[in-house]
Amino acid sequence: MERTWRWFGKKDKITLAMLNQIGVQGIVTALHNIPNGEVWPREQIHDLRSYIESYNMRWSVVESLPVSESIKYGGPDRDQLIENYKQSLRNLSAEGIHTICYNFMPVLDWARTDLSHDNPNGTTNLYFSHAQFAYFDIHILKRENAAADYSETVLEEVAKLKETLTEEDNHMLVENIIVKTQGFVSGNIKEGDAHPVELFRQLLDLYKGITKEQLRENMRYFLNAIMPVCNECDMYMCVHPDDPPFPILGLPRIVTGAEDIEWFLKAVDDPHNGFTFCAGSLSAGQHNNVVEMAKRFCDRTWFVHLRSCHIFPNGDFTEASHLGGRADLISLARIFEQCNPNLPMRVDHGMTMLGDEDRGYNAGYSFLGRMFALGQVQGILATVDRELGIEYKQPGFFE
């Protein structure tokens, strides 16, 4: 697989020169300065592509060309937004970029309650607590009838949290759930926005009455509309699974497991309609057998995120070591290297370690932690490739 890295543009504290030294072959990035729904100008695409290539790497995957909320809930301006999207696809294709990772998650791109959860070895990772998330939903967001969505066990924990959490704790939950995980990825809420909770409520209101079936139909509508351009320009759309892969905040979720994936692949049965196999997101759901899903969907997978989650007995989950957790990255490497050894792959998130926490990196996107993970995964790939008789080359070294 092609070793790629998510990079947040020229202002990223992690430079392309650094990435070139650690074996990165391809860059996963986006035009983060373009507001959601606007056309990506070819000139800006060309500038960024050329800059990446000047460091001996290529722009491998766009992550993400955002799908506007109005397209997801079926707003009156969705057709114009889809036309803008199609033009952005044409402009990317003209610059030789053909793989688009996107998501169809309403409002939230991904959700965690703790962005620096302590590990026994002194590092930290991203963490999701059902009780803390329910507390945010019920007592901070104050969503109508929110308590009905949670088990009695979780509600008991919420009652305890209500007695112990401070205003500072409440603020941190807001930051972790709806600000810090969203703002750096062209999200709906940015750091510095006034009244983020009220803004978030307004976004949720847009989905009132939208069922899982309606959201599916809106996804089908979007994909059918763009497929002619995808075929014309050879653009591979690969949807990211919902993270976490279960319903939250009363919102429908439509890419949570095997049945959902099977549905959207058949709904628009075109090879340009594919999947981002994010092993981390999928392994956060107890219902998902990640290895079996890789075998089932590898022929429609165009991008791979190799990371893993550990689920605790109470259902909370944390991002695990890339050699541990539920995802079994060694088995996944064997499956994808046999199915398509040229797929772009990134290790996705990593631990915060050895001073990463002081360098202002985006949540989940440390340098040393991801470099450590990439070293682990490169070792897996080198071993698997030798087993399969595939030539493995480490960039930057004489053979």
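Please read these numbers as outputs of a predicted model, since none were measured by experiment. Hydrogens, waters and symmetry mates play no part in the numbers below; they use all other heavy atoms, side chains included.
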- Item | Stepwise ring pair (Phe, Tyr, Trp, His ring centres under 6.0 Å) check, H349 with W110 | CA-CA 12 Å; H349 304 154; W110 52 287; 5.1 Å; yes

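- Here the shortest heavy-atom pairing between A284 and I311 reads O-CD1, 3.6 Å.
- Counted by atom type alone, Y150 and D137 present one or more donor-acceptor pairs between their side chains at under 3.5 Å.
- For the residue pair D77/S70, the side-chain donor-acceptor check at 3.5 Å is satisfied.
- Heavy-atom neighbours of E198 CD from other residues, nucleotides or ligands within 6.0 Å: above the threshold of 12.
- A single hydrophobic cluster is not seen to contain both L31 and V39; linkage of ILVMFWY side chains at heavy-atom distances under 4.5 Å, directly or through other members, places them apart.
- Transitive grouping of hydrophobic side chains (ILVMFWY, heavy atoms separated by less than 4.5 Å) keeps M172 and V197 in distinct clusters.
- For the pair M293 and G257, the tightest heavy-atom approach, listed with the atom from each and the gap, is CE-C, 3.9 Å.
- In the displayed structure, I330 atom CD1 is contacted under 6.0 Å by at most 12 heavy atoms of other residues, nucleotides or ligands.
- Between T352 and T123 the shortest side-chain heavy-atom distance does not fall below 4.5 Å.
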Using atom types as modelled, flag every donor-acceptor pair under 3.5 Å from a side chain in residues 379-386 to any protein atom, sequence neighbours excluded.
| unit_1 | atom_1 | unit_2 | atom_2 | d |
| --- | --- | --- | --- | --- |
| T383 | OG1 | G379 | O | 2.9 |

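- A salt bridge is absent between R6 and D348; no separation between the charged side-chain nitrogens and carboxylate oxygens falls under 4.0 Å.
- Under a 3.5 Å cut-off, the side chain of N340 and the backbone N or O of N342 do form a donor-acceptor pair.
- When hydrophobic clusters are built by joining Ile, Leu, Val, Met, Phe, Trp and Tyr residues whose side-chain heavy atoms come closer than 4.5 Å, directly or via intermediates, V24 is not grouped with V28.
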- Query: For D118 and T124, what are the C-alpha separation, side-chain angles and deciding distance, and is it a side chain to side chain donor-acceptor pair (under 3.5 Å)?
  - Reply: CA-CA 5 Å; D118 290 333; T124 65; 5.9 Å; no

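- Considering CG of N103 and CG of D242, their distance stands at 7.5 Å, rounded to 0.5 Å.
- A donor-acceptor contact shorter than 3.5 Å is absent between the side chain of R143 and the backbone of F136.
- Closest approach of S366 and M351 over heavy atoms only: OG-O, 2.5 Å.
- Between F104 and F222, the angle of the ring planes lies from 30° to 60°, which puts this pair in the tilted group.
- Remark: K162 fails to qualify as a cation-pi partner of Y135 under the 6.0 Å distance and 45° angle criteria applied to the six-membered ring.
- Closest approach of M1 to E337, counting heavy atoms only: N-OE1, 2.8 Å.
- A salt bridge does not link D260 to R253: none of the charged nitrogens lies less than 4.0 Å from a carboxylate oxygen.
- Between the side chain of T301 and the main chain of T276, no donor-acceptor pair closer than 3.5 Å is present.
- A side-chain donor from one of D79 and Y221 sits under 3.5 Å from a side-chain acceptor of the other.
- Of the possible polar contacts, one joining the H130 side chain to the G315 backbone as a donor-acceptor pair under 3.5 Å is found.
- Taking 4.0 Å as the cut-off between side-chain N and carboxylate O, E53 and R58 do not count as a salt-bridged pair.
- Side-chain atoms of D316 and Q132 include no donor-acceptor pair closer than 3.5 Å.
- Between the side chains of S116 and E357, no donor-acceptor pair of N or O atoms lies under 3.5 Å.
- In this structure, CG on D205 lies 11.0 Å from CZ on F200, to the nearest 0.5 angstrom.
- The environment of E144 atom CD is sparse: at most 12 non-hydrogen atoms of other residues, nucleotides or ligands sit within 6.0 angstrom.
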- Give the C-alpha distance, both sets of side-chain angles, the deciding distance and a yes or no for ring pair (Phe, Tyr, Trp, His ring centres under 6.0 Å) between F133 and F128. CA-CA 8 Å; F133 195 85; F128 185 92; 5.2 Å; yes

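- In this structure, C339 SG and D299 CG are separated by 6.0 Å, a value rounded to the nearest 0.5 Å.
- A donor atom on one side chain and an acceptor atom on the other are found under 3.5 Å apart for D270 and N231.
- The shortest side-chain heavy-atom distance between L155 and E152 falls under the 4.5 Å cut-off.
- In this structure, CE in M237 is found 6.0 Å from CG in L89, a value given to the nearest 0.5 Å.
- The pair R216-E213 fails the salt-bridge criterion, with no side-chain N (NZ, NE, NH1 or NH2) lying under 4.0 Å from an Asp/Glu carboxylate O.
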- Message: Run K13 and D356 through salt bridge (Lys or Arg N to Asp or Glu O under 4.0 Å) and show every step you take.
- Response: CA-CA 11 Å; K13 298 176 187 297; D356 276 335; over 6 Å; no

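- Under the 3.5 Å distance criterion, the side-chain polar atoms of T318 are left unmatched by any main-chain donor or acceptor of H117.
- Ring pair F312/Y127 is tilted by interplanar angle, where 30° to 60° counts as tilted.
- Between V174 and P196, the closest heavy-atom pair is CG1-CG, 4.1 Å.
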- Query: When you look at D47 and K10, which way does the salt bridge (Lys or Arg N to Asp or Glu O under 4.0 Å) test go after all the steps?
  - Reply: CA-CA 11 Å; D47 175 73; K10 296 178 182 179; 2.9 Å; yes

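- Here the closest non-hydrogen pair linking Y361 and I14 is CE2-CG1, 3.6 Å.
- Listed by chain and number, the residues in a side chain to side chain donor-acceptor pair (under 3.5 Å) with N125 amount to none (sequence neighbours excluded).
- Between the side chain of K72 and the backbone N or O of M105, at least one donor-acceptor pair lies under 3.5 Å.
- Using bins of under 30°, 30° to 60° and over 60° for the plane-to-plane angle, the ring pair F8/H32 lands in the tilted bin.
- Judged purely by atom type and a 3.5 angstrom limit, D149 has no side-chain atom pairing as donor or acceptor with the backbone of P247.
- A donor-acceptor contact shorter than 3.5 Å links the side chain of W302 to the backbone of P271.
- Atom SG of C238 is separated from atom CZ of F277 by 13.5 Å, given to the nearest 0.5 angstrom.
- Inter-residue side-chain proximity for E63 and F303 is flagged as met; some heavy-atom pair is nearer than 4.5 Å.
- In this structure, K160 does not pair ionically with E163, as no charged nitrogen and carboxylate oxygen lie closer than 4.0 Å.
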- Query: Run the side chain to side chain donor-acceptor pair (under 3.5 Å) check on N91 and E95 step by step: do they pass?
  - Reply: CA-CA 7 Å; N91 292 345; E95 291 297 321; over 6 Å; no

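- Using a cutoff of 4.0 Å between basic side-chain nitrogens and carboxylate oxygens, K266 and D269 are not scored as salt-bridged.
- Using modelled atom types, no side-chain atom of N119 and backbone atom of G122 make a donor-acceptor pair closer than 3.5 Å.
- Panel note: side chain H98, backbone V61; no donor-acceptor pair is recorded below 3.5 Å.
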